[in-house]
Amino acid sequence: MKLNIAVLQIDLAFGDPVQNLAKVKQKIQRLVEKNTKLDVVVLPELWNTAYDLTRLDEIADPEGQIVQQEIGTLAKEQNIHIVAGSIAKKTDQGIYNTLTVFDRNGEKVGEYSKLHLIRLMDEEKYLTPGQSMGLFELDGVPCAGLICYDIRFPEWVRKHILAGAQVLFVPAQWPLSRVKHWRSLLIARAIENQCYVVACNRIGHDPNNAFAGHSMIIDPWGEILAEAEREETSLVVEIDTEQVIEVRKKIPIFEDRRPELY
Ligand SMILES: NC(=O)CCC(=O)C(=O)O
């Protein structure tokens, strides 16, 4: 199965969900105008509020209703799947960093709340961790969505791959100071899991961090199919899940595992 994927690497306004929503909608519309065969658009982490964590109570999306209304509707109008990065989502149980996926009909087909909260960026003070896996399907392709810091936990990624995922989506706000980790971890996750990795980072800065950009699309052999620098841009790549099957046949790591010993 082939999927034409666009990763939208952008800057974000700190604590301004109205401005960020308008920008994201405009950028997606332009992408669709330029790429008539697009299947999937991917957005970065916390694209509604950015890391304005102290004001989340005021600015997070109540129950994700805004993203459902605005991005769900856009997905249907433009006939594309949208892996809507993640948003700050306010619920009765707390505020989550939640990835939401809409299909071409505007239906929500996936939702995942970041499981590992990064203390280095104070997430654990303001956010509630998720409790469940990030599996979903796009045009019959089994996919997983994990968020930024989650890629440091290979056992969590592997769990999604063992459940069938062939494409791993990673929305992020990864700082420039650790860009070497970002690149190495993404490539390692693709090689060790023999899957596509589609990673969407932001650029720009906030009061605490400068962000790295370097969004990437990596194939199941670990080859970088496309990589951004540190500017607003989009990466558009056609992936073919036959490649996943071929790489897994060539080096059958899933048959050679010894789970009885670890
Ligand atoms: N937003 C994040 O989760 C950043 C993760 C990060 O900077 C790191 O793992 O290092």
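Just so you know, ligand 1 is whichever comes first in the structure, and atom 1 is the first atom listed for that ligand. The structure displayed is predicted, hence computed values, not measured ones. Sequential numbering from 1 along the given sequence is applied to the chain's residues.
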I'd like to check which ligand 1 atoms, numbered from 1 as shown, lie under 4.0 Å from a non-hydrogen atom of Pro175. 7 (O)

Under 3.5 Å, is there a donor-acceptor pair linking the side chains of Tyr51 and Glu123? yes

Assess, by modelled atom type and distance only, whether the side chains of Thr98 and Ser113 contain a donor and an acceptor separated by less than 3.5 Å. yes

Part of Tyr51 within contact of ligand 1 (heavy atoms, under 4.0 Å): side chain

So is Trp182 close enough to ligand 1, meaning a heavy atom under 4.0 angstrom away? no

Should the pair Arg158-Glu192 be classified as a salt bridge under the 4.0 Å nitrogen-to-oxygen rule? no

With side chain to side chain donor-acceptor pair (under 3.5 Å) as the rule and sequence neighbours excluded, what pairs involving residues 15-24 come up? Lys23-Glu232

Check against side-chain contact (heavy atoms from CB on, under 4.5 Å), Phe136 and Asp103: CA-CA 10 Å; Phe136 56 93; Asp103 71 7; over 6 Å; no

Counting non-hydrogen protein atoms only, what is the nearest one to atom 6 (C) of ligand 1? Give residue, atom name and distance. Ile118 CD1, 3.4 Å

State which residues pass side-chain contact (heavy atoms from CB on, under 4.5 Å) with Leu135; sequence neighbours excluded, sorted by chain then number. Met133, Ala144, His160, Ala163, Ala165

With a cut-off of 6.0 Å (strictly less than), are more than 12 heavy atoms of other residues, nucleotides or ligands near CZ of Arg152? yes

Tell me which protein heavy atom sits closest to atom 7 (O) of ligand 1, plus the residue, atom name and distance to 0.1 Å. Arg178 NH2, 2.7 Å

Do any N/O atoms on Arg152 end up under 3.5 angstrom from N/O atoms on ligand 1? yes

Can you tell me the protein heavy atom closest to atom 2 (C) of ligand 1 and the distance? Cys148 SG, 2.9 Å

Give a yes/no on ligand 1: does Lys114 have at least one heavy atom closer than 4.0 angstrom to it? yes

Of all the atoms in ligand 1, which lie at a distance below 4.0 Å from a heavy atom belonging to Glu45? 1 (N), 2 (C)

